[in-house]
There are 4 protein chains.
Amino acid sequence: MLLRLRKDLSANDLELFLALARELGYQCRFLDASRQIAELAGPERIQDRSRLEDCCAVVSILDPGAARERALRGPKQADTQIEVGGARFGGGSVSLIGGPCAVEEYTRLLEIARAVKASGATCLRGGAFKPRTSPYSYQGTRRAGLEMLAKVREETGLAIVTECLDPRDAEAIAEVADMIQIGARNMDNAALLTEVGRTKKPVLLKRGFMSTLRELLLAAEYVLDAGNEQVILCERGIRSFDSSTRNVLDLGAVAALKRSTHLPVVVDPSHAAGRRDLVRDLARASLAVGADGLLIEVHSAPAEALSDGAQAVSPEEFAQIAQDAAGLCALFGRQLAGGLAARAANPQPVSKDVQRTKRARGAP
Amino acid sequence: MLLRLRKDLSANDLELFLALARELGYQCRFLDASRQIAELAGPERIQDRSRLEDCCAVVSILDPGAARERALRGPKQADTQIEVGGARFGGGSVSLIGGPCAVEEYTRLLEIARAVKASGATCLRGGAFKPRTSPYSYQGTRRAGLEMLAKVREETGLAIVTECLDPRDAEAIAEVADMIQIGARNMDNAALLTEVGRTKKPVLLKRGFMSTLRELLLAAEYVLDAGNEQVILCERGIRSFDSSTRNVLDLGAVAALKRSTHLPVVVDPSHAAGRRDLVRDLARASLAVGADGLLIEVHSAPAEALSDGAQAVSPEEFAQIAQDAAGLCALFGRQLAGGLAARAANPQPVSKDVQRTKRARGAP
Amino acid sequence: MLLRLRKDLSANDLELFLALARELGYQCRFLDASRQIAELAGPERIQDRSRLEDCCAVVSILDPGAARERALRGPKQADTQIEVGGARFGGGSVSLIGGPCAVEEYTRLLEIARAVKASGATCLRGGAFKPRTSPYSYQGTRRAGLEMLAKVREETGLAIVTECLDPRDAEAIAEVADMIQIGARNMDNAALLTEVGRTKKPVLLKRGFMSTLRELLLAAEYVLDAGNEQVILCERGIRSFDSSTRNVLDLGAVAALKRSTHLPVVVDPSHAAGRRDLVRDLARASLAVGADGLLIEVHSAPAEALSDGAQAVSPEEFAQIAQDAAGLCALFGRQLAGGLAARAANPQPVSKDVQRTKRARGAP
Amino acid sequence: MLLRLRKDLSANDLELFLALARELGYQCRFLDASRQIAELAGPERIQDRSRLEDCCAVVSILDPGAARERALRGPKQADTQIEVGGARFGGGSVSLIGGPCAVEEYTRLLEIARAVKASGATCLRGGAFKPRTSPYSYQGTRRAGLEMLAKVREETGLAIVTECLDPRDAEAIAEVADMIQIGARNMDNAALLTEVGRTKKPVLLKRGFMSTLRELLLAAEYVLDAGNEQVILCERGIRSFDSSTRNVLDLGAVAALKRSTHLPVVVDPSHAAGRRDLVRDLARASLAVGADGLLIEVHSAPAEALSDGAQAVSPEEFAQIAQDAAGLCALFGRQLAGGLAARAANPQPVSKDVQRTKRARGAP
């Protein structure tokens, strides 16, 4: 491990750093005369990087060596593939998640679920518990919403993705959900991450709109460290200074994550755009950059939605997005879960040429 | 109330908007031919603004009229003053909160507490539960830490400010804390805000490092709406693109908040700077801009701190900050809690001249 | 035109606003009792929006009506298509621009130009004048570089795209360039925009890395207002808080711009990524979102480049990007300039090329 | 000098790095086995850091050693103090610059100039050439404005600070200006920086609203490298995500700059706030944090201002700001240029003036 230390360390501060290194089982060697660069030889355990970063004497870890957290891709490590019902994420597989922002009314929910399934979605999203900026905003149907989701799964066979906001709800949600969502506002909520991790259900972890990729990976680490290997990361836009879109969808982050982690990465273009008319274009871009799936807000009567109606696409637009997904997966040699790939392979000459260009990310 | 609607509303979307307005008890009149501006006449209840903002047809509320949330300052409304032990925040009163980032060891904690008290602090800060980005970082002494804080309060009489991270801990923390801190990472954690609100203890609510002022005020609203009137807002720096400081301290936000809300606003220059050598200068600026208090990390052996040691000032530096505070309060006609103001009034000619310039913010 | 005025206007401020409205030829009517919403009836000339926005009484223009600047798309207005040599941008046509960051040495430049042309590029990019953060960095070959570019055009037939940094150089650059680039750092440089506008050459206008879309469109307006209709906008990444990529490529901005302006929009994924390994994925995403072209840094020996070598792709990687472009244009029904679309219909070479390029992500 | 290299350097890339190091006269030694840390021994000239940073093999300079640019403070180097007419900036001296955003009309300009002088300003600011986002906005009185400024200087003795936007205007402006301002939008405009540097007039260099401190210092380096030692840096707010203020005033940057550079640093709270009611509070904070001066927009009839009227304070408010400055300079042991410090020592007028200015925040 290679560390950069503060330039002006007092003898006392230096001694404290050396004591910590010893305590962790490392031998320390300074590489330069001014003692700014330290090389630690020793066990290189997963947790050591964080311990050393917390030390006041350390500016940064220049090279963590093998003290690499669980979420990080090791040399030649293949993609982790995660299955959720009929959905498969990662390792060349792409899946579509569609559904309303909030679970409001059973008939409407079932209607939307049937529509997205018909277009090729394998998962239904829908919030029973809603994170809202204002206490006066609609807060969700809560337990009743969970029951509706369970019934719709029975009817349609779609896997259920729903959000958990409070560690005290984790167990109840895990009984219904096939995948538990951690929202962007809760990415830093360690108590929640740990509790959700304990349920052993797949976790869809959204990047905070103000979080670095390292922070996102360390949030995933809370779940992984709770013994739950099934984490899917989700880019959903970061906050910026322009108001043309609600957030800035950071697709460079998706490309960078695919290299630095073995976990699947999906994209939520709906929250990034915040406006219906851009969702399809951003969905295309997300799959083109290499995302392992899409999370799309769909509503059959957006104006009636009690939250985020402005960004929900219609079932018809979702069908177009699914068709785009089929074309892009064919073009780039990836498998679209849910049988749509076959359909797309049918009429289109594009897919033939490029089927041979299949390649594995993260695998030789 | 004055609203801006989407330009291209369908007849159906328009009807849904009108139905919502009716449901809330408003009469709607369109002011322009293109129906982009709607004037609502009716009850103007606190919660209506959020309900209408959620409606898909509404772009924004141009003028909320009296549908103003509890945290907002009404016409000619005076400052809310909050007392925490011997501390007083707001309405011309300024108080100092000092202490370590984390509660680690009793003797050290007591030493620091005595030092900050001697300099004029009226509150001791110290985290027993620590919010950490990495699961492998030091997570705090937890319940044992709370006990140490309780003992130190007995010894010193300082009021205790400590953070709550998990709604399940709120009650236990409320037994010890004189003021409960909500950290920046949890500003959006509604479950936590509500639970802490229910304890009826004063709440120190830190602004998220990428939160707008409206979002901060709506987070406060969760506490106020739980029946707890005692909320102190805290600016602690926002995230930006330059790494010279850990965060960018947004003192314009403090000035803007003092106008838009009646709640006290304090500043944490330690987290903003992230480096010890800038804390004193930023503390001066914070009081000069009109903050009602300071939250300062103090450690008697920063290199031994298990978290954030790089930004903790020594007890000696804290004493200088307190002295600056006395001078600035005298200059700008404010009261420094804890008896320091008197001491400062003694030798310094500055304070005499300006004692007459006292003025009330928010009060005529 | 619909305007929002400040709530607390004095009689005098109000009179000054009314005088301005009259001077511009408008009749003003207040729509609400509090005089916050004003409707102006009158000529609605292009320049009136800016004049009114500058007025201290005006908060914002809610609806500019027909006082819409030249860059904005009018109702049902078609795309502007711009031809630069054999390249065509906009209106369903896509073109590729490739080349080195800086023009350094003739033989190398010719080698790169031939390579990108062989892959289907229709324009060569290369900076003779280089904008550098430090006065001690390499500043470009300047006039000698322009001569090299002119010679390479003669040899290859590629159209030349090169940057102008100083209004005093505009004429000399216009003699050589087929399209003049305005860099991100100069998007706000009105003197330069005007001077380059006067040359009547097509202008490639890069978005500043912290500029809003409205600011970008107003920068284009300086060129359009100088009588030059040929402006191509370029998204190249905005500045943010994460350092995984050099900048955050804002593809939502591309989607939003395609709706709000009739001008072509291209993307520079090289500067956004700042690292070679992400350029191809971001190029795919850029075309998928609807960009009218790509601007790619290509170098045959990146390590020798005197600037930005870390983000330049090899000619082989550029060939892959061009191949991706052909596939994506075919999939989405767009025309790729330079004859590549036809080649893509022919399956054989595609698959062969790409089979050999299989590589493991995360593996050396 | 200590450098960090890319981890995966090819033999060729490594050789090119070594060749560059040799060319610059350095001997290179790798400190670690993986060749990520290189120590260069040799001349350590000012310009070498930039040359090495441009090299594709180099990740960053960990320690520049003595290869420190001219703007950086050397060990124990004292503040540079810059005199402009009767103003003195740096080294414990503080000066006030006041005046309108734009020079519009002679009588008004003279009125404002006399008012700010009476309050203790030593410099008059006023733009003859105006940088505007829109080509349709008011562009300034240009040469006529320069003549007005020259006449007002004759009348009042105030030093003149005015902006240069175009390298072709530098000479004409230098004939009138006592200090030439480079605006935030032009901080990266190297051609302009060099031309203004050549005039040998003091330069007021504003930080770009998207610029890091290192970029600001390298912009200053363009002026210093042109042989002009007189550069004053100016913080004026950075762009962020909240719209409560026009920009976020980054006072931590002021504190950090005072440590890293020997050049004076002043603050422009007017552009940061963008609203008149916050200017005084931010001016207080700026001086409290250690700024060497203030740049304040003042207008005697803000509603008539053709640009930025919303952020201009009245002459009366400027007088209060000047009074605050006197109090803060006295408190923190600094000299306020222009004789105001003396006046502040005299208690009577202070209290009288300010008693009348009592006002309610949040009340009209």
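Here is the naming used below: chain letters follow the sequence lines, and residue numbers restart at 1 for every chain.
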Can you tell me how far [atom2] of [Y] sits from [atom1] of [X], rounded to the nearest 0.5 angstrom?
X        : Y        : atom1 : atom2 : answer
B:Asp242 : D:Leu213 : CG    : CG    : 4.0 Å
B:Phe241 : D:Arg239 : CZ    : CZ    : 10.5 Å
B:Arg284 : D:Leu331 : CZ    : CG    : 7.0 Å
D:Asp250 : B:Asp250 : CG    : CG    : 9.5 Å

Could you look at B:Arg275 and say if it's the side chain, the backbone, both or neither that has a heavy atom under 4.5 Å from chain D?
->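 Contact with chain D involves the side chain of B:Arg275 alone.
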
Tell me, side chain or backbone of B:Asp277 under 4.5 Å from chain D's heavy atoms, or both, or neither?
->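 Both backbone and side chain.
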
Counting only non-hydrogen atoms closer than 4.5 Å, does [X] touch chain B with its backbone (N, CA, C, O), its side chain (CB onward), both, or neither?
X        : value
D:Leu328 : both
D:Leu249 : backbone
D:Ala256 : both
D:Ser286 : neither

Is the backbone N or O of B:Gly290 less than 3.5 Å from a side-chain atom of D:Asp281, with the two atoms forming a donor-acceptor pair by type?
->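 No, D:Asp281 side chain to B:Gly290 backbone: no donor-acceptor pair under 3.5 Å.
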
Look only at the side chain of D:Arg214 and the backbone of B:Ser244, and say whether a donor-acceptor pair between them is shorter than 3.5 Å.
->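 Side chain of D:Arg214 to backbone of B:Ser244, a donor-acceptor pair under 3.5 Å: no, none is there.
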
Could you have a look at B:Asp324, B:Leu257, B:Leu282 and say which one has the most heavy-atom pairs with chain D under 4.5 angstrom?
->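 Most heavy-atom pairs under 4.5 Å with chain D: B:Leu282.
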
Nearest heavy atoms of D:Gly252 and B:Thr245, plus distance in Å =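 Closest heavy-atom pair between D:Gly252 and B:Thr245: O-CG2, 4.0 Å.
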
Pick from D:Ser211, D:Ala253, D:Ser260 with the largest number of heavy-atom pairs that fall under 4.5 Å of chain B =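 Heavy-atom pair counts peak at D:Ser211.
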
